[in-house]
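The figures that follow rest on heavy atoms only: side chains count, while hydrogens, waters and symmetry mates do not. Sequential numbering from 1 along the given sequence is applied to the chain's residues.
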Amino acid sequence: MRPVIKIGWREVVAFPELQVTCMHAKIDTGARSSSIHAESINCYSKGSDPWISFKVMTNDTEGTLTECRMPVSDRRYVMNS
């Protein structure tokens, strides 16, 4: 059995595969999927593979935007509540 991880409503998270070491995230444990706020979103192709580039806020006190690039793995429609 996996140990239970207790998390709060707002946490500091990291995405090492994107070179994002610190960003704030709001957690919704009842959701089926999650999202992060991204800016400057660009879709492009590398060969025949779809890729995406985007910027995320990595430090709330300085307002630092970090550019991320990765292959597209899925597409979802996100509604603003």
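R10 places a side-chain heavy atom less than 4.5 Å from the side chain of H24. By the 4.5 Å heavy-atom criterion applied to side chains, I52 and M70 are counted as neighbours. Residues T58 and C22 have side chains not in contact (no heavy-atom distance under 4.5 Å, counting atoms from C-beta outward). Side-chain contact between K55 and C68 is absent, with no heavy atoms from C-beta onward closer than 4.5 Å.
Taking both residues in full, the closest heavy atoms of M23 and F15 are given as SD-CE1, 3.7 Å, listed atom of the first, atom of the second, then distance. In terms of heavy-atom proximity, A14 sits nearest to T21 at CB-O, 3.5 Å.
With sequence neighbours excluded, no residue forms a side-chain contact (heavy atoms from CB on, under 4.5 Å) with Q19. Listed by chain and residue number, D74 satisfy the salt bridge (charged side-chain N to carboxylate O under 4.0 Å, His left out) test with R76 (two or more places apart in sequence, or in another chain). Residues passing the salt bridge (charged side-chain N to carboxylate O under 4.0 Å, His left out) test with E11: none are found, sequence neighbours excluded. Remark: D49 engages no residue in a side chain to side chain donor-acceptor pair (under 3.5 Å) (not counting sequence neighbours).
V13 and M57 end up in different hydrophobic clusters when Ile, Leu, Val, Met, Phe, Trp and Tyr side chains are linked at under 4.5 Å.
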What donor-acceptor contacts under 3.5 angstrom involve side-chain atoms of residues 36-47, with partners at least two apart or in another chain?
from	atom 1	to	atom 2	distance (Å)
H37	NE2	E39	OE2	3.4

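We find the CZ-OG1 distance between F54 and T66 to be 10.5 Å, quoted to the nearest 0.5 Å.
Taking Ile, Leu, Val, Met, Phe, Trp and Tyr as members and joining any whose side-chain heavy atoms lie under 4.5 Å apart, directly or through other members, V12 forms no hydrophobic cluster with any other residue.
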